[in-house]
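Since the structure comes first, as structure tokens, the remarks are kept for the end.
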Amino acid sequence: MTDAKIKGLSKPGVYADGAGLYIRVHPGGSKSWFFIYRRKGIRREIGLGGLAGTAPVTLAIARRKADDMRDMLANDRDPFAARQAAKTTPTFAKVAEQLIEAKRKEWTPKTEQEWRVHLLEHASKLGNLAVDIVGTEIIESTLLPIWKKTPATGQRVRGKIESVLDFAIAKKLRTGDNPARWSGHLEHILSAAKRTTDANHEALPYTEVAKFLSVLGGTPEERCLRFTVLTACRSASAIEAHWDEIDLATKTWTIPTPRTKTKVKPHIVPLSDAAIAVLGEAGTGFVFKGAREGRPIGNSRMREVMAEKRPGVTVHGFRSTFRDWAGEETNYPREIAEWALEHLVGNDVERAYRRGDALEKRRALMADWANYCGKLTRQ
């Protein structure tokens with residue numbers, strides 16, 4: 001099935017999408033989804049909603065609902081029984097809405113929107129389940145795909161699921177321990193889940209950056225590592241940074257074309273006050289001097305710091321950490337964050353660069369990043 005094919009269906013009948021998901025075209029022209037399965041010899045048909053109305057069920061939504069039911073069956077749970085139970089016990093989605101409504105006066109619109117996205121979209125697999133039957137297995141299967149891609153987002157979604165279930169316990173809608181709790185429970189399941197987007201560049205969750213930076217000292221390699229994090233640059237660029245590339249008056253660092261990844265033009269990095277503070281007093285030669293006269297620190301020095309301070313996390317991974325933070329915590333356009341990472345982007349940003357405003361937008365972004373990195377948030 002495709003959206004176009006579904007739109008073109010006009011003859012009354014039942015049409016299969018596959019694996020138990022069907023759409024029914026009614027004589028009047030309306031269309032509705034349903035899921036068919038057989039369990040313990042009993043055939044069940046469960047409606048998933050119509051294609052029109054105030055809450056239309058699109059092909060993507062129908063497939064997600066069908067996936068949820070297949071997951072329940074795989075875990076030896078009956079979707080029909082769960083739906084029947086939900087008629088007397090509120091669903092997870094309903095309780096999530098109640099929690100949001102109870103808290104929304106305390107939140108900004110952005111915070112409310114984040115809770116809705118995390119609970120009703122990222123955790124949509126839990127939505128139709130009665131809140132009293134949400135267990136560890138379904139929470140794990142909900143979080144693992146998110147965790148492997150963006151651990152920081154996975155942790156935020158997990159925390160919100162935990163809050164909903166705590167709310168349900170307080171309302172006497174469920175009993176027992178909270179299956180979304182971290183300490184002594186999900187930490188043993190999810191901590192071992194690795195990022196799949198870049199296995200060779202393991203990234204530190206951005207929520208842990210401030211704590212990590214707070215333990216760095218003042219050795220050349222530790223200063224270089226701090227500078228690398230604050231500028232979101234490649235480690236080689238920071239190691240080879242030269243004082244004649246630094247302009248303290250304009251608060252910029254110009255990486256020469258031969259040392260850029262693209263080899264197209266120099267890359268200008270706006271320096272935050274925190275990054276300038278790492279540099280110290282202006283000098284000559286390499287900024288981060290190594291033990292050998294006239295040479296910078298060795299390429300392995302920052303890796304050795306990481307191995308000591310945070311085993312398993314790479315220096316390069318901080319670029320992913322920065323990108324995750326920019327996407328999750330700010331409203332800056334995607335292109336500005338990509339440009340800050342020295343990635344080639346589309347014509348819109350190139351035009352903005354020629355107008356001269358992209359540098360200032362990146363300056364604001366890097367200042368916000370430095371401020372975030374300077375805050376010791378609760379871990």
Side-chain angles (χ1 to χ4, degrees), residues 106-115 117-118 122 146-147 149-160 182 195 197-198 201-218 222-235 237-238 251-253 267-279 302 305-306 309-310 312-343 358-379:
E106 305 171 15
W107 294 340
T108 64
K110 180 180 178 181
T111 299
E112 180 184 348
Q113 178 62 20
E114 179 188 281
W115 276 71
V117 169
H118 284 176
H122 290 338
I146 308 171
W147 208 276
K149 183 179 180 182
T150 313
T153 301
Q155 185 65 278
R156 292 160 74 84
V157 173
R158 183 209 62 77
K160 291 177 176 64
W182 178 252
R195 287 176 64 99
T197 52
D198 196 348
H201 295 147
E202 188 68 20
L204 186 72
Y206 62 78
T207 54
E208 300 178 28
V209 172
K211 184 176 181 180
F212 171 77
L213 292 181
S214 72
V215 302
L216 292 183
E222 288 173 302
R223 290 174 49 239
C224 188
L225 179 54
R226 187 186 298 274
F227 186 76
T228 300
V229 174
L230 291 171
T231 57
C233 69
R234 293 180 171 85
S235 57
S237 298
K251 297 183 177 181
T252 56
W253 167 33
H267 180 58
I268 302 175
V269 180
L271 298 175
S272 63
D273 290 341
I276 290 175
V278 175
L279 297 175
M302 285 198 289
V305 172
M306 291 303 305
K309 305 288 187 183
R310 192 61 187 262
V313 175
T314 66
V315 178
H316 190 89
F318 280 108
R319 288 167 57 80
S320 295
T321 300
F322 166 79
R323 189 64 186 86
D324 289 344
W325 167 83
E328 290 285 332
E329 297 289 338
T330 80
N331 292 319
Y332 289 97
R334 179 190 65 83
E335 291 83 359
I336 296 300
E338 293 296 324
W339 195 281
L341 291 168
E342 198 194 335
H343 290 164
L359 178 62
E360 293 310 307
K361 289 179 180 178
R362 287 192 289 120
R363 188 183 298 281
L365 172 64
M366 301 316 292
D368 286 348
W369 172 236
N371 289 335
Y372 183 85
C373 289
K375 295 179 180 177
L376 271 174
T377 54
R378 182 170 62 87
Q379 302 301 314

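Side-chain atoms are counted along with the backbone in the values below, which use heavy atoms only and exclude waters and symmetry mates.
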- Message: Measuring centre to centre across the rings, with the benzene-like ring taken for any Trp, is Y332 within less than 6.0 Å of W369?
- Response: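 No.
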- Task: Decide side chain to side chain donor-acceptor pair (under 3.5 Å) for Y206 and E329; before the verdict, give the C-alpha distance in whole Å, the side-chain angles of both, and the deciding distance to 0.1 Å.
- Result: CA-CA 10 Å; Y206 62 78; E329 297 289 338; 3.0 Å; yes
Minimum heavy-atom distance between [X] and [Y], given as atom pair plus value:
X    : Y    : answer
V315 : M306 : CG2-CG, 3.5 Å
F212 : V215 : O-CG2, 3.0 Å
R363 : T252 : NH2-CG2, 3.6 Å
T231 : A275 : CG2-CB, 4.3 Å

Quick one: does any side-chain atom of [X] pair with a main-chain N or O of [Y] as donor and acceptor, under 3.5 Å?
X    : Y    : value
R226 : L213 : yes
R319 : L341 : yes
R223 : V278 : yes

- Message: Tell me which one of E114, H118, E328, H122 satisfies side-chain hydrogen bond (donor to acceptor under 3.5 Å, both in side chains) with R156.
- Response: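 Among the candidates, only E114 passes.
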- Message: Could you walk me through whether V269 and E342 satisfy the side-chain contact (heavy atoms from CB on, under 4.5 Å) test, starting with their C-alpha distance in whole Å, then the side-chain angles of each, then the deciding distance to 0.1 Å, before giving a yes or no?
- Response: CA-CA 9 Å; V269 180; E342 198 194 335; over 6 Å; no
- Task: Could you check K110 against N331 for side-chain contact (heavy atoms from CB on, under 4.5 Å), going step by step and ending with a plain yes or no?
- Result: CA-CA 10 Å; K110 180 180 178 181; N331 292 319; 4.0 Å; yes
Just wondering, do [Y] and [X] contact through their side chains at under 4.5 Å, heavy atoms?
X    : Y    : result
H267 : W253 : no
L230 : F322 : no
F318 : T228 : no
V117 : Q113 : yes

- Task: Please identify each residue that fulfils side-chain hydrogen bond (donor to acceptor under 3.5 Å, both in side chains) with S235, with sequence neighbours left out.
- Result: none
